[in-house]
Participant: 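Would you mind keeping the following structure in view while I ask a few things?
Proteins come first, then strands; the chains are lettered A, B, ... in the order of their sequence lines, and each starts at number 1.
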Amino acid sequence: MMSDAFLGNALIHAYGKCKCVEGARRVFDDLVVKDVVSWTSMSSCYVNCGLPRLGLAVFCEMGWNGVKPNSVTLSSILPACSELKDLKSGRAIHGFAVRHGMIENLFVCSALVSLYARCLSVKQARLVFDLMPHRDVVSWNGVLTAYFTNREYEKGLALFSQMSSKGVKADEATWNAVIGGCMENGQTEKAVEMLRKMQNLGFKPNQITISSFLPACSILESLRMGKEVHCYVFRHWLIGDLTAMTALVYMYAKCGDLNLSRNVFDMICRKDVVAWNTMIIANAMHGNGKEVLLLFESMLQSGIKPNSVTFTGVLSGCSHSRLVEEGLQIFNSMGRDHLVEPDANHYACMVDVFSRAGRLHEAYEFIQRMPMEPTASAWGALLGACRVYKNVELAKISANKLFEIEPNNPGNYVSLFNILVTAKLWSEASEARILMKERGITKTPGCSWLQVGDRVHTFVVGDKNNMESDKIYNFLDELGEKMKSAGYKPDTDYVLQDIDQEEKAESLCSHSEKLAVAFGILNLNGQSSIRVFKNLRICGDCHNAIKYVSKVVGVTIIVRDSLRFHHFRNGNCSCQDLW
DNA sequence: ATAGGGTTAG
């Protein structure tokens with residue numbers, strides 16, 4: 001029993017700061033007399049440790065015990081309502097604040113601005129903001145975020161530039177809100193620009209800046225910029241921040257370097273479910289199914305409970321590595337052992353598991369037995385496999401479903417067309433093409449790119465715009481001879497399969513991914529691997545050709561296409577030719 | 001003594 005409330009409250013606070021919920025709770029339970037500070041400290045400890053529900057519970061209990069909340073209590077419990085999107089409780093607290101004369105309090109109002117921004121609309125947030133007697137930078141940051149999270153990006157930026165004229169000095173968090181706002185609204189390049197501005201004005205990016213900015217490196221797939229950020233994290237002692245480290249793990253994987261991704265992951269001391277999921281997804285997209293299963297095992301062993309994202313990652317890892325029985329077993333264990341009911345995504349992953357392994361009829365049966373409407377990704381997995389395993393009947397069925405679900409996706413028409421052409425069903429193929437034309441859908445042009453030094457070089461089919469075009473084509477000719485003597489045969493199917501007239505005329509040699517690979521090898525600068533990115537799926541002949549290139553030249557070639565990473569090494573690809 | 005804004009995975 002502890003009778004010194006002063007000491008007890010200080011201890012609860014200290015435990016809370018160290019994220020030790022159990023310690024705080026023990027002291028709290030031991031207190032003979034609990035005052036408003038004890039209750040407030042305990043509930044805000046829960047909120048700050050990511051347990052908003054428990055925080056709210058303590059807040060309610062406080063009322064039943066006849067202790068009246070003050071403005072500190074209210075401003076610390078409101079973020080819990082925001083996080084839970086619990087508008088009902090939030091409004092009740094708003095009412096309480098009005099009735100008890102706390103509505104002029106800066107902290108309470110700022111918390112209310114954020115609550116309404118998150119749960120309702122800019123309008124409501126703005127109403128509270130406009131009625132405030134005084135505003136400081138925190139309230140401004142709240143209203144800025146209100147615009148950004150409610151798809152009013154331009155207005156948010158406009159408000160940001162008005163801040164200084166209203167006599168409010170932006171702080172670190174303002175810049176974080178702006179950078180986060182750019183990212184949330186798909187303005188990746190703008191986020192890069194804003195980070196530069198922030199630094200130029202002398203603000204120091206912190207772990208939150210880093211966490212919200214790193215996805216920009218992942219989206220732009222700029223390993224170079226990602227490494228710069230990593231250096232910054234290292235130099236500024238941010239390597240203890242779980243969120244920033246997790247963002248680094250994802251960035252490295254997305255930029256094609258799974259080894260560095262793993263190195264960062266291994267440095268994380270207390271891995272949470274998001275960190276584990278990130279590492280699992282990273283390995284899944286690089287086709288390391290066996291590693292995915294090992295990670296899943298270690299995750300369970302370290303006592304972290306898997307969630308629905310975990311299973312999406314694990315199952316997609318199984319599909320990319322032909323691990324059918326393993327995938328099926330894990331799928332069946334989801335609800336039974338882990339209390340995670342499979343959703344449409346998980347079902348789609350299982351369709352992919354069967355499809356990639358060539359068990360197309362099982363995949364089709366599985367789709368038909370789904371308890372919910374199959375999504376485009378389920379039918380898309382089946383259609384993709386129909387091309388690899390040359391199954392025209394199922395291709396037609398899945399393509400027709402896809403034409404209903406997503407009539408404007410050109411990829412589905414092109415896939416069906418290609419499958420029909422390969423099967424030499426010319427008239428049906430032209431029907432597919434006519435359908436596409438009637439609906440006014442045009443094929444997305446294939447495009448590949450890679451980073452050399454600080455520049456990104458882009459290639460389209462038959463590209464002659466590169467400064468080194470002559471060198472590239474000569475090199476490809478030279479390489480072609482060596483590849484042929486190593487056993488490479490160009491697959492002319494893929495010439496026929498191209499839809500556009502100009503593309504038909506071009507030889508296989510000029511596909512964008514081949515040009516990018518050649519350019520990469522010519523600019524290796526002593527490195528032993530290159531990383532190429534493509535917007536569509538890699539072409540079948542290119543896939544085969546690059547296997548030979550990796551052998552003849554003796555380099556590792558990593559190609560990220562629209563579905564996954566392919567690691568070409570010594571004549572083989574990590575996808576086991578399930579491209 | 002207790003407080004508001006900015007964060008990672010499909």
Participant: Less than 3.5 Å between a donor and an acceptor, one on the side chain of A:Asn277 and one on the base of B:dG10, is that the case here?
Facilitator: no

Participant: What nucleotide among B:dT8, B:dG10, B:dG4 has an atom nearest to a side-chain atom of A:Pro215?
Facilitator: B:dT8

Participant: Which nucleotide in the set B:dA9, B:dT7, B:dA1 lies at the smallest distance from any side-chain heavy atom of A:Val309?
Facilitator: B:dA9

Participant: CD1 of A:Ile280 versus C1' of B:dA9: gap in Å, rounded?
Facilitator: 10 Å

Participant: Using 4.0 Å as the upper bound for N to carboxylate O, is an ion pair formed by A:Glu22 and A:Arg25?
Facilitator: no

Participant: Taking the side chain of A:Ser212 as heavy atoms from C-beta outward, which of B:dT7, B:dG6, B:dA3 is closest to it?
Facilitator: B:dT7

Participant: With a 4.0 Å cut-off on N to O distance, would you call A:Arg118 and A:Glu83 a salt bridge?
Facilitator: no

Participant: Quick one: A:Met42 CE to B:dA3 C1', roughly how many Å, whole number?
Facilitator: 16 Å

Participant: Could you state the CE-P distance from A:Met279 to B:dA9, rounded to the nearest angstrom?
Facilitator: 14 Å

Participant: How close or far is atom P of B:dT7 from atom CZ of A:Phe148, stated in whole angstroms?
Facilitator: 11 Å

Participant: Record whether the side chain of A:Thr278 comes under 3.5 Å of the base of B:dA9 through a donor-acceptor pair of N or O atoms.
Facilitator: no

Participant: From the list B:dG4, B:dG6, B:dA1, which nucleotide is the closest neighbour of the side chain of A:Asn9?
Facilitator: B:dA1

Participant: I want to verify a distance call: between B:dG10, B:dA9, B:dA3, whose nearest atom is closest to the A:Ser75 side chain?
Facilitator: B:dA3

Participant: Using whole Å, report how far CD of A:Glu83 lies from P of B:dG4.
Facilitator: 12 Å

Participant: Can you tell me which nucleotide in B:dT2, B:dG6, B:dT8 comes closest to the side chain of A:Asn70?
Facilitator: B:dT2

Participant: Between B:dG10, B:dT8, B:dG6, which nucleotide gets closest to the side-chain atoms of A:Thr145?
Facilitator: B:dG6

Participant: Sub-3.5 Å donor-acceptor pair from the side chain of A:Thr312 to the main-chain atoms of A:Ser308, do we have one?
Facilitator: yes

Participant: Without decimals, in angstroms, what is the distance between A:Tyr15 OH and B:dA1 P?
Facilitator: 20 Å

Participant: Ignoring hydrogens and angles, are the base of B:dT8 and the side chain of A:Ser211 linked by a donor-acceptor pair under 3.5 Å?
Facilitator: no

Participant: For A:Asp4, which contact category applies under a 4.0 Å heavy-atom criterion: base, sugar-phosphate, or nothing?
Facilitator: nothing

Participant: Could you tell me whether A:Asn345 contacts a base, only the sugar-phosphate backbone, or nothing, with contacts defined as non-hydrogen atoms closer than 4.0 Å?
Facilitator: nothing

Participant: Taking atom C1' of B:dT7 as reference, at what distance in whole Å does atom NZ of A:Lys19 sit?
Facilitator: 11 Å

Participant: Is the distance between the ring centroids of A:Trp140 and A:Phe129 less than 6.0 Å?
Facilitator: yes

Participant: Which nucleotide, B:dG6, B:dT8, B:dG4, lies nearest any side-chain atom of A:Thr246?
Facilitator: B:dT8

Participant: Tell me if the side-chain of A:Ser308 makes a donor-acceptor pair with the base of B:dG10, cut-off 3.5 Å, by modelled atom types.
Facilitator: yes

Participant: Assess whether a salt bridge exists between A:Glu172 and A:Lys204, defined as any Lys/Arg side-chain N lying under 4.0 Å from an Asp/Glu carboxylate O.
Facilitator: no

Participant: Within the 4.0 Å heavy-atom criterion, would you say A:Ile179 contacts the bases, only the backbone, or no part of the nucleic acid?
Facilitator: nothing

Participant: Would you list the atom pairs, donor with acceptor, under 3.5 Å between side chains in residues 97-106 of chain A and any protein atom, with sequence neighbours excluded?
Facilitator:
| residue | atom | partner | partner atom | Å |
| --- | --- | --- | --- | --- |
| A:His100 | ND1 | A:Phe96 | O | 3.0 |
| A:Asn105 | OD1 | A:Phe107 | N | 2.8 |
| A:Asn105 | OD1 | A:Val108 | N | 3.0 |
| A:Asn105 | ND2 | A:Ser71 | OG | 3.4 |

Participant: Of the options B:dG4, B:dA3, B:dG10, whose atoms approach the side-chain atoms of A:Ile281 most closely?
Facilitator: B:dG10

Participant: Between A:Cys217 and A:Met251, which heavy-atom pair has the shortest distance, and what is it?
Facilitator: CB-CG, 3.7 Å

Participant: Look at the side chain of A:Val274 and decide which nucleotide, out of B:dG6, B:dT8, B:dT2, has an atom nearest to it.
Facilitator: B:dT8

Participant: Applying a 4.0 Å non-hydrogen cut-off, can you work out what A:Phe6 is touching in the nucleic acid: base, sugar-phosphate, or nothing?
Facilitator: base

Participant: Side-chain donor or acceptor of A:Asn307 under 3.5 Å from a matching atom on the base of B:dA9?
Facilitator: yes

Participant: Calculate the interatomic distance between A:Glu104 atom CD and B:dA3 atom P; express it in whole Å.
Facilitator: 23 Å

Participant: With respect to the phosphate group of B:dT2, does any side-chain polar atom (N or O) of A:His13 fall under 4.0 Å of OP1 or OP2?
Facilitator: yes

